[in-house]
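Predicted model only: the values in this text are computed from it and were never measured. So you know, we letter chains A, B, ... as the sequences are listed, proteins then strands, and number each from 1. Below, all heavy atoms of this structure are taken into account, side chains as well, without hydrogens, waters or symmetry copies.
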Amino acid sequence: MSKELAKTYDPKGIEERLYSKWLDKGYFHAKVNPDKKPFTIVMPPPNVTGQLHMGHALDETMQDILIRFKRMQGYETLWQPGTDHAAIATEVKVIEKLKSEGIDKDEIGREEFLKHAWAWKEEYGGRIINQLKKLGASADWDRERFTMDEGCSKAVQEVFIRLHSKGYIYKGSRIINWCPVCRTSISDAEVEHEDQDGFFWHINYPIVGEEGRFVEIATTRPETMLGDTAVAVNPEDDRYKDIVGKMLELPLTGRQIPVIADEYVDREFGTGCVKITPAHDPNDFEVGKRHNLEEINILNDDATINERGGKYAGMDRYEARKAVVEDLKELGLLVKVVPHNHSVGTHDRCGTTVEPMIKPQWFVRMKEMAEAAIDVLKTGELTFVPDRFDKIYLHWLENIRDWCISRQLWWGHRIPAYYCDDCGEIVVAAEMPEVCPKCGGKHFRQDEDTLDTWFSSALWPFSTLGWPEKTPELEYFYPTDVLVTGYDIIFFWVIRMVFSGLEQTGKSPFHHVLIHGLVRDSQGRKMSKSLGNGIDPLDVIDKYGADALRLTLTTGNAPGNDMRFYWEKVEASRNFANKIWNASRFIQMNLEGSTVTEPENLASLCPEDKWILSRLNTVVREVTENMEKYELGIAVSKIYDFLWDEFCDWYIEIAKVRLWNKEADPAAAGEALFTLRYTLTQALKLLHPFMPFITEEIYCTLLPEEESIMISDWPVYREDMCFPKEESIVAGFQDVIRGIRNTRTSMQVPPNRKTNIFIVAKDDETHAAYASASRSFTNLAYAKEIHVKTDKSGIGSDAVSVVVHDAVAYLPLEDLVDREKERERLTKEKERLTKEIARCTGMLNNPNFVNKAPEAKVNAEKDKLSKYKEMMDKVIAFLEQLG
RNA sequence: GGAAGGUUAGCUCAGCUGGGAGAGCGCUCGCUUGACGUGCGAAAGGUCGCAGGUUCGAUCCCUGUACCUUCCACCA
């Protein structure tokens, strides 16, 4: 199959065509295969409601790179995809949609609402998956799962029941974070603390029976005083020792509350007296428990004041705050108002200030499972890349509190708990019980609440493989190998997967966690909807192709670090794609009507060919090592440099001479073609995980008998492809060429003016090496011909000389020589050599260096010194000659 | 109040186990060289935040310090 390639690479059409091909061939599908080692990644399930953003693009690209790499290495690779029901996020969107249709959630009721939610899921659930496909993601779509599908739901139920029977899940009335807008409880992890400018209101609480004596408290939330049930002071605080035990009159309510002593109070802070509102502050709640205080809830679910708030009932919390302050002022009890910056908890979904409230909720007891999760990191069964995230993980787990898992939402897994209508007994079971085990009653109601969305995603690595059934997949693919995710999701998801995996399966759900940073805008800001600074990955793909986007996201980035998005970076990536496209086009054009000559063995090839193969060999080894260590950015930059600098800028140019002389020497041209094609296709394999589309297109064009690069073998280091001597010959030649180009530029010789070049090598061996490769370099040196000679005879004394370590090249430039410029150039060279010689000499004269440094280092310096000295002698001689 | 990361060329960032500072973009000069101007060639540009220490030798290790970013934390 011969194919005419376009002059510039256009990813449009190609990407779609190739993706369909891969899907049709079933390359993405993984099967249980005892003959192969498995390699598994579970995809962090994107929200069904979501749209692909740069964060996904980065995350999925990194996973796809690892998956494609391992697939080529011969592993049975499973990339397990799916979507998350995203409880709150989806519910909010469905409510909004219904609202726009004039439908009220509460009016239609739970069942009807869920119908709408599922319809939404059906409509939009596939959207993000299709977007992922545009990126080239080679996930096993046949195994796509959803956190609320039958299997995952069963896993959720099973885990709930198990944890409950073990006593790790319990129901209790405790203080939780309440979002008054979403009207649900949320977990600690979902509370975002932000500093806000507010006030410190200092208020006098009169002491009962002591006319004119007050206790001054300070608060940032004066309205909560309606629920105060004590004032606390530090037991060691001499200022207040005498009032402990006395009663205070709580202004505006007429209630009397005691002064209590508790260690919690910081004497230094505020007035040293703290109002205690057990129902609306987590610390006060604890204090209240210690002192047996009444808990007075003064808020409704929407954060308006309830009937316990007396005249303030019905007011919004902020309205009430104003009113309370106003009334206190009138009573003369407001001492002062001080501006105060303090941290306020907000709901990460909607930004609403959360209210701590006491509510009956379901919790997961964390102590034991957290310890297990800590152990598994300490023993090394689980590792973070980079490892600095260890501390973050450990710190969170060491300070973890019980996890509030119940949500007052409809979209989610309903809690499998049933209440007996007759006696109130709670039964946790898979099905609604027939008979109450306590009273024999027959009527039950299921708990109205659903579970935190992260409860189900915590099970993702094993629920997707069929757990709790003992499936062959679970046996084979679990535990997974690496989890790839952003650092922003460690608490929500990674930790919960680890302890859930350990608890349910006895194993860490993955061995490594590869952490990446955020993709920020060009100014370093987070991309966000509200700022409108987000870049749509699909836009990038549309304009430059998925390969360019993928390369952009992986180049020059280290694990765990944030990166900035620039369109210029994408352009650079696009340019690279075009570069290799054109290199391939060149090779393809030359393959037409030519015969590729497979060498008998690689050692019989010419030095230039051996050089590039040897370099390729090194790159293969290094890139593979980098990939194994998750150093994707380093790996890809090595491939980039090899392909552009060494292969395109040097090797292709070197090979041209033989291609042009195809008629005269077809065998030589054939070997050049062999090396060109081999080197390129091998390097493309290394590049394939990063740029899957263009590599596939080129690979199949150059090797029509191959089915696909993505199922080809990953290159391995070969002893028979290691040619250090040839590497050194070409390195010498490269120095000569660079020197010549440099000289020509400084002499302002026009590029079209070709000259003769004479090279005098320093010994016979070098001479032979230069002689054998000289012809290939003619073009690169802008030479008519390169004459490799054993001595200077016949070279005009006015020739410009270029000194390298093992040879001198002469350019007879005749009348073009500007002696002044030449002197300048040689003087500069002399200065450089002087510096180098001084450096080497300094090191070698230092007995400490010679005695203590490794021998190899010392010898290397000695070699360098002698080379520099030889070069120096020659440069000085040439300078003298110039007069 | 804890903790982590950053500080390297004009900009954005790499730099593996300490041994002569790199890339991309930008800038300057030259180029219709038979794959590519999304290109080729040549150059300019850095006290590797600051101060100490360890070492024969430090961008890299240690200590301190300044500034920036982020995370965690109940300071009413």
Side-chain angles (χ1 to χ4, degrees), chain A residues 5 7-9 193 200 217-221 224 232 264-266 268-277 281-286 340 342-343 345 356 386 388-389 391-392 395-396 399 487-488 490-491 517-518 522 524 544 555-558 560-566 568-569 571-590 622 625-626 629 631 633-634 637 640-641 648-649 652-653 656 659-660 738 741-746 748-752 754 779-780 782 835-836 839-840 843 846-854 856-858 860-861 864:
Chain A
L5 298 179
K7 201 167 176 179
T8 50
Y9 175 63
H193 290 93
F200 234 166
I217 58 95
T219 179
T220 56
R221 295 188 299 158
T224 61
Y264 154 67
V265 181
D266 177 356
E268 310 301 318
F269 193 82
T271 61
C273 304
V274 187
K275 61 191 271 310
I276 300 298
T277 324
D281 183 283
N283 294 306
D284 294 6
F285 179 79
E286 298 299 328
H340 180 63
H342 64 289
S343 146
R388 64 171 184 266
F389 290 98
K391 278 195 178 176
I392 294 175
H395 182 255
W396 170 270
N399 296 284
Y487 57 70
D488 51 333
I490 293 175
F491 306 133
L518 270 34
S522 60
Y544 295 96
T555 301
N557 188 235
N561 288 0
D562 288 354
M563 64 188 304
R564 297 190 189 195
F565 180 91
Y566 283 93
E568 288 83 351
K569 278 190 197 168
E571 279 177 24
S573 302
R574 184 268 321 260
N575 293 353
F576 177 65
N578 195 53
K579 184 71 185 174
I580 57 172
W581 179 257
N582 275 290
S584 315
R585 197 163 70 96
F586 171 76
I587 295 169
Q588 176 66 9
M589 282 161 52
N590 281 284
E622 291 182 1
E625 283 169 7
N626 291 135
K629 289 191 280 186
E631 295 165 346
I634 296 174
S637 72
Y640 180 105
D641 290 345
C648 290
D649 289 348
I652 288 183
E653 296 305 321
K656 277 178 179 173
L659 298 178
W660 291 338
R738 286 195 197 97
R741 287 171 177 169
N742 180 311
T743 305
R744 290 176 58 106
T745 299
S746 69
Q748 295 173 331
V749 181
N752 57 2
K754 311 281 189 207
N779 227 42
L780 289 96
Y782 303 93
K835 263 196 211 159
E836 296 295 354
R839 194 187 57 79
C840 288
M843 278 174 91
N846 180 347
N848 285 323
F849 173 71
V850 180
N851 296 332
K852 293 183 183 176
K857 293 281 175 201
V858 178
E861 287 305 318
K864 284 182 199 166

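For the atom pair CE (Met843(A)) and NZ (Lys864(A)), the distance works out to 7.5 Å, reported to the nearest 0.5 Å. Rounded to the nearest 0.5 angstrom, Asn578(A) CG and Glu571(A) CD are separated by 12.5 Å. Note that the CD atom of Glu631(A) and the CD atom of Glu625(A) stand 9.5 Å from one another [nearest 0.5 Å].
Of the C1' atoms belonging to G49(B) and G5(B), the separation is 15 Å, rounded to the nearest Å. Atom name P, nucleotides G53(B) and U59(B): the rounded distance is 15 Å, in whole Å. Between the P atoms of G39(B) and G46(B), the separation comes to 27 Å (whole Å). Spacing between A44(B) and U7(B) at atom C1', rounded to whole Å, works out to 25 Å. When the P atom is compared between G41(B) and C25(B), the two are found 13 Å apart, to the nearest whole Å. The same atom, C1', is picked in U33(B) and in G19(B); the two are 41 Å apart, to the nearest Å. Atom name P, nucleotides G34(B) and C16(B): the rounded distance is 41 Å, in whole Å. Spacing of P atoms, A21(B) relative to G45(B), comes out at 15 Å, to the nearest Å.
Shown here for Lys275(A) and Arg221(A), the closest heavy-atom pair between the two residues is NZ-O, 4.3 Å. Minimum interatomic distance between Val265(A) and Gly272(A) (heavy atoms only, all atoms of both residues): CG1-O, 3.4 Å.
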What pairs of nitrogen or oxygen atoms, one from the protein and one from nucleotides 5-7 of chain B, lie under 3.5 Å apart?
none

Report, one pair per line, the protein and nucleotides 53-58 of chain B atoms (nitrogen or oxygen only) whose separation is under 3.5 Å.
{"residue": "C56(B)", "atom": "OP1", "partner": "Lys852(A)", "partner atom": "NZ", "Å": "2.0"}
{"residue": "C56(B)", "atom": "O2'", "partner": "Asn846(A)", "partner atom": "ND2", "Å": "2.6"}

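Checked against ring pair (Phe, Tyr, Trp, His ring centres under 6.0 Å), Phe586(A) has no partners two or more places apart in sequence or in another chain. Judged as a side-chain contact (heavy atoms from CB on, under 4.5 Å), and not counting sequence neighbours, the contacts of Ala853(A) are Phe849(A), Val858(A).
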Handout entry: Letter per nucleotide, 5' to 3', of nucleotides 69-76 of chain B [B base touched, S only sugar-phosphate touched, - untouched; heavy atoms, 4.0 Å]
Key = --SS-BBB
Practice task
Scan nucleotides 28-44 of chain B nucleotide by nucleotide, 5' to 3', and note B when protein non-hydrogen atoms come under 4.0 Å of the base, S if they reach only the sugar-phosphate, - if neither.
Solution key: ---S--BBB-BSSSSS-
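Residue-environment remark: NZ (Lys754(A)) exceeds the threshold of 12 foreign heavy atoms within 6.0 Å.
As judged by a 4.0 angstrom heavy-atom cut-off over every strand, Gly633(A) is placed among residues making no nucleic acid contact.
Annotation: side chain of Val850(A) is not in contact with side chain of Glu861(A) (no heavy-atom distance under 4.5 Å).
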